[in-house]
Amino acid sequence: MCTDLLKTLKFYGEMPTLFFDSAQQLNRLVYFEEINTEEQAMERFKMVSTYTRPQKEKMIRPVNPDWVDLTAGLKYESGVRVRPAIYGRPSIQAVRRAVTF
């Protein structure tokens, strides 16, 4: 669970063995969910954490059957999606949370 997915991916890329041993290094992002509130994100994280590997694969395969790394698309989108500054109107970006598995 994180608030800035690209920043988190960069962190894990720079320190690949911090939380994982060399056999289980994080090397690509194949699935993520964007959730608006921290409470909802925590509930989803707790639920998915109980899943077995086959259950997680069943969740991933419909949206990413070839297990393509989604990082490049996220980097592209972050450069393209520029929200115009409107004074007096809060940005929805500030409250978005991402959940990664």
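Just so it is clear, the model here is predicted, and its values are computed rather than measured.
For the atom pair CZ (Phe45) and SG (Cys2), the distance works out to 11.0 Å, reported to the nearest 0.5 Å. Taking NZ of Lys56 as the start and CD1 of Ile60 as the end, the distance is 8.5 Å to the nearest 0.5 Å.
A search for salt bridge (Lys or Arg N to Asp or Glu O under 4.0 Å) contacts involving Lys10 returns Glu14, not counting sequence neighbours. Thr52 is linked by a side-chain hydrogen bond (donor to acceptor under 3.5 Å, both in side chains) to Gln55, counting only residues two or more places apart in sequence or in another chain. Residues forming a side-chain hydrogen bond (donor to acceptor under 3.5 Å, both in side chains) with Asn64 (at least two apart in sequence, or on another chain): none. Taking Glu43 as the reference, nothing meets the side-chain hydrogen bond (donor to acceptor under 3.5 Å, both in side chains) condition, with sequence neighbours excluded.
For the pair Arg44/Ile35, a side-chain contact is recorded, criterion being any heavy-atom separation below 4.5 Å from C-beta on. Side-chain atoms of Leu29 and Leu5, non-hydrogen and from C-beta on, do get closer than 4.5 Å to each other.
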Can you check side-chain contact (heavy atoms from CB on, under 4.5 Å) on Trp67 and Arg61, steps first, answer last? CA-CA 8 Å; Trp67 293 64; Arg61 291 214 184 270; 2.6 Å; yes
Taking it one step at a time, do Glu33 and Met59 satisfy side-chain contact (heavy atoms from CB on, under 4.5 Å)? CA-CA 11 Å; Glu33 295 179 23; Met59 182 176 67; 4.2 Å; yes
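For the pairing with Arg28, the side chain to side chain contact (heavy atoms under 4.5 Å, CB included) check across Val68, Asp69, Thr71, Leu70 returns one residue only, Asp69.
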